[in-house]
Amino acid sequence: MEALDRRGRPLRDLRISVTDRCNLRCTYCMPREHFGPDHAFLPKSDILSFEHIADVVGACKDLGLRKIRITGGEPLLRRDLDVLVKLLRDVHPEADLALTTNGVLLERHAERLLEAGLDRVTVSMDALSTPVYSAMGDVEHGPEATLQGIEKARAVGLRVKVNCVVRAGVNEGELVPLVEHFGPLGVPVRFIEFMDVGATNQWSLDEVITSKKVRSMLAAHFGEVTPLDATAYGEVARRWRTPQGWEIGTIDSISAPFCGDCTRARLAADGSVHTCLFSTEGKPLMPLIKAGASRAEIQAAVRSIWTERSDAYSEERSKSTQQPSERVEMSYIGG
Ligand code: SAM
Ligand code: SF4
Ligand code: SF4
């Protein structure tokens, strides 16, 4: 039976972080000064096995789960990720099964992921030009591997979207080139407002370029964009069409929060459940799992976590008393 939280929101989506590690150091997510060689990532013994993740998904299925997103950290750093995809597909054949990745390792994995049952992939890419790409990701290389990953994913038949975090003074100049490149390929680019998630990214409102501004910048180049209908309940992106017929998306997390229909839970790599991106602590499932709990027992635990939920951080951001230092990082909780 479906689970509703204290605001009447159903549990529809599960984002699963399969690792807290990453091969990039995006300044807005894992700044190198906090995620350097001394950073204590989760030890292997604390990370959920694929079988345990599938058990949790099986437990959530009867609570109303429809969408599953595998994320991280960088999920493609987890060995044999296609094995997890296959397990999830078997346990929930009707689910919309997606992967969020920086795409650097996608080319070599795309085909096996599709064969295992993945429906689609969202590739994060903040710039096409090498200097801006490498500055945003704090890496030596440019976007070539990610572009090849996207091409391969499209060629094998995965549906692809691109996510771009917009940061004032850093990558505004990339918005038009990204749409010009991906629009004709039928790949929607979704622009995300830089968020105050975690405690390390030195977020400030001055660095947020609102989606409205993004749309006016694009309109100045391509012509006015027109709104499209939302595709699904709880869809985070607002969809738009350029006069050329290309779809773009905006994720207005700061300027127009969407907590009212937030149907997302997050399963961190260590098995803790978080009911908000801005949570300060999760509810651990690992002790239950290690004790050999049945699917029904895991389901009861998730139901109780969800029905207790009343989160609406983004809508209450301005009056929040939560200290940034208490918030968990996006790379751990799963973006
Ligand atoms: N490593 C994968 C990737 O980059 O796609 C998956 C994990 S990443 C945490 C998931 C998404 O979160 C990415 O699209 C990333 O751009 C976004 N993200 C991370 N930090 C963010 C922030 N401070 N504000 C907005 N989006 C952010
Ligand atoms: Fe890694 Fe993704 Fe975070 Fe960038 S956004 S540091 S690629 S987890
Ligand atoms: Fe959902 Fe929390 Fe984001 Fe609001 S702030 S949309 S409750 S994750």
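On a predicted model such as this, the values are computed, not experimentally measured, just so you know. Atom set for the values below is all heavy atoms of this structure, side chains included, hydrogens, waters and symmetry mates excluded. Atoms within each ligand, like the ligands themselves, are counted from 1 in listed order.
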Next on the checklist: Looking at atom 1 (Fe) of ligand 2, is there an N, O or S atom belonging to Cys26 that lies under 2.8 Å away from it?
Outcome noted: no

Checklist outcome for this item: A student checking ligand 1 against Ile192 at a 4.0 Å heavy-atom cut-off should list atoms 25 (C), 26 (N)

Next on the checklist: Less than 3.5 Å apart, any donor N or O on the side chain of Gln244 or Thr242 sitting next to an acceptor on the other?
Outcome noted: yes

Item to check | For Phe41, the rest of its hydrophobic cluster, which grows through side-chain links under 4.5 angstrom | outcome: Met30, Phe35

Checklist entry - What protein atoms of element N, O or S are positioned under 2.8 Å from atom 2 (Fe) of ligand 3? => result Cys276 SG

Checklist entry - Is ligand 2 less than 4.0 angstrom away from at least one heavy atom of Gly72? => result no

Checklist entry - Charged N to carboxylate O below 4.0 Å: is that the case for Asp13 and Arg69? => result no

Checklist entry - Tyr313 vs Phe278 aromatic rings, parallel, tilted or perpendicular, using cut-offs 30° and 60°? => result parallel

Item to check | For atom 17 (C) of ligand 1, the protein heavy atom that lies nearest, with its residue and separation | outcome: Met330 CE, 3.6 Å

Next on the checklist: Any nitrogen or oxygen of Thr71, side chain or backbone, less than 3.5 Å from one on ligand 1?
Outcome noted: no

Next on the checklist: Closer than 4.0 Å to some heavy atom of Asn163 - which atoms of ligand 1 meet that?
Outcome noted: 14 (O)

Item to check | Distance from atom 26 (N) of ligand 1 to nearest protein heavy atom, with residue and atom | outcome: Val165 CG2, 3.4 Å

Checklist entry - In the protein, which heavy atom is nearest to atom 24 (N) of ligand 1, and how far is it? => result Met195 N, 2.9 Å

